[in-house]
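Step one of this worksheet: look at the structure below.
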There are 2 protein chains.
Amino acid sequence: MAADRPLRSDARRNRDRVLRAAQEVFGESGFDVPLDEIATRAGVGAGTVYRHFPTKEALFQAVVADRVAGLIADAQRRATEADPGVAFFDFLARLGAEGAAKRDTSDAIAVPGPLRDELHDALAVLLQRAQHAGAVRADITAADLVALFKGLLDVAHEADDPGRAGRVLALVIDGLRLPRL
Amino acid sequence: MAADRPLRSDARRNRDRVLRAAQEVFGESGFDVPLDEIATRAGVGAGTVYRHFPTKEALFQAVVADRVAGLIADAQRRATEADPGVAFFDFLARLGAEGAAKRDTSDAIAVPGPLRDELHDALAVLLQRAQHAGAVRADITAADLVALFKGLLDVAHEADDPGRAGRVLALVIDGLRLPRL
DNA sequence: GAAGATACGGAACGGTTGCCCCGGTTAGCA
DNA sequence: TGCTAACCGGGGCAACCGTTCCGTATCTTC
């Protein structure tokens, strides 16, 4: 069990490269890219990736953890805002923007794990507040919302039409608002 | 080129079994089931499936062609109804019910092919009539709608919660209706 | 009921995919 | 300058699946 001796300079450099490449590649193509893609992009052999991260999944977590944590913090912050409806829909917009920009968002929010649960909980709070205030239809659940968003993001990313993401997102947002108000 | 000599009795029986099993299995699990699953369910070897259908895809088409043709006919019939909004939403309800019941519907409507295009066209007519009548938001396209429905069906089928399908479908339907009316 | 054609079953094949490890080599550090 | 951490990337390996092959069983016909 070597103590955490400081990394050799090239090792540190390569670790950074791998992380940066993983951010890019996961962001463009989601979790389901071959690991070689990341290694190549980093200018590094596949073996080097495994020297720094025990599994592909660990690498993915390392990449998305910050982002998901940011989303959670954002959701919790907004939960204290005055207008529950505005808070909820602003957060959804943020989530939509994030998802449109980074393809791995969909995997990040849906893959089981402690962070996902935390995000789920934070979203549930926002949702319930908004529903209680009558700003959002009452029948939908937080789990529905997560699943629906994941589906939407996948639809949007598969599309050849770049405008689709915005249109379907707007449609769902409008569907969430209470009808006849 | 053997003329279409009548099939041997066991051959005819097995062909029916395969078709029936394929209907069930594709309906439960979509196109992405191993072919062996179908063969087993039919009580037949994989070779027998290939004696009757040249490829897995051909078998799938044989299974869904009727259903898609029915959908197309339904759409075309409704295109002549008096109220374009009612016609459109009734058809969507039919599509949703079909999709909720049979998991392969999602593949059937999305996989390229002449039937898909025909369905697409028929749906476009319904949609445009409804949009022109002001019953449906104007920004959405027929391609959006097909993609969105495919996504919704996938979301619904992955869910553990059996009520989710109905809730998200209702949400999207409401989102399609013009806001503030 | 026997001969010949037809069809069957399911093991084996071949292609693909993609995670991960190993063996020889390079390059940093003392 | 030598020792060791780290690199590279080809390939092992396991899983998965569509398809084919061929020895065997079953049906049809005479």
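What you see is a predicted model, and the numbers here were worked out from it, not measured in a lab. Residue numbers start from 1 in every chain, and the chains themselves are labelled A, B, ... in the order their sequence lines are given, proteins ahead of strands.
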Select base, sugar-phosphate, or nothing to describe what A:V49 touches, counting heavy atoms under 4.0 Å on all strands. nothing
Distance in angstrom units between [X] [atom1] and [N] [atom2], rounded:
| X | N | atom1 | atom2 | value |
| --- | --- | --- | --- | --- |
| A:L59 | C:dC20 | CG | P | 11 Å |
| A:F60 | C:dC19 | CZ | C1' | 16 Å |
| A:R17 | D:dC7 | CZ | P | 10 Å |

Linking I/L/V/M/F/W/Y whenever any side-chain heavy atoms sit under 4.5 Å apart, do B:I173 and A:V136 land together? yes
Kindly work out whether a path of hydrophobic side-chain contacts (I/L/V/M/F/W/Y, heavy atoms less than 4.5 Å apart) joins A:F149 to B:L153.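 Result: no, two separate clusters.
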Within the 4.0 Å limit for protein heavy atoms, which parts of nucleotides 20-30 of chain D are touched? Write it as a string from 5' to 3', B for base, S for sugar-phosphate only, - for none. B-----BSS--
May I ask you to evaluate whether A:N14 reaches the phosphate of D:dA6, defined as a side-chain N or O under 4.0 Å from OP1 or OP2?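 No, A:N14 has no side-chain N/O under 4.0 Å of OP1/OP2 on D:dA6.
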Would one find a side-chain N or O of A:H52 under 4.0 angstrom from OP1 or OP2 of D:dA6?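 No, no such contact exists.
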Taking the six-membered ring for Trp, are B:F60 and B:F26 parallel (under 30°), tilted (30 to 60°) or perpendicular (over 60°)? perpendicular
Heavy-atom side-chain proximity of B:L148 to A:L152 below 4.5 angstrom: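 They are in contact (side-chain heavy atoms under 4.5 Å apart), so the answer is yes.
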Quick one: which of C:dC20, D:dA6, C:dG9 gets closest to the side chain of A:K56? C:dC20
Minimal non-hydrogen separation, A:K56 against A:V33, with atom names: NZ-O, 2.8 Å
How close do A:R41 and A:E24 get, heavy atom to heavy atom, and via which atoms?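 Here A:R41 and A:E24 meet closest at NH1-OE1, 2.9 Å.
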In residues 28-39 of chain B, which ones come under 4.0 Å of DNA chain D, going by heavy atoms? B:V33, B:P34, B:L35
Any chance CZ of A:R77 has more than 12 other-residue heavy atoms, nucleotides or ligands included, within less than 6.0 Å?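 Yes.
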Is it true that B:E98 and B:K102 have a side-chain N and a carboxylate O under 4.0 angstrom from each other?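 No.
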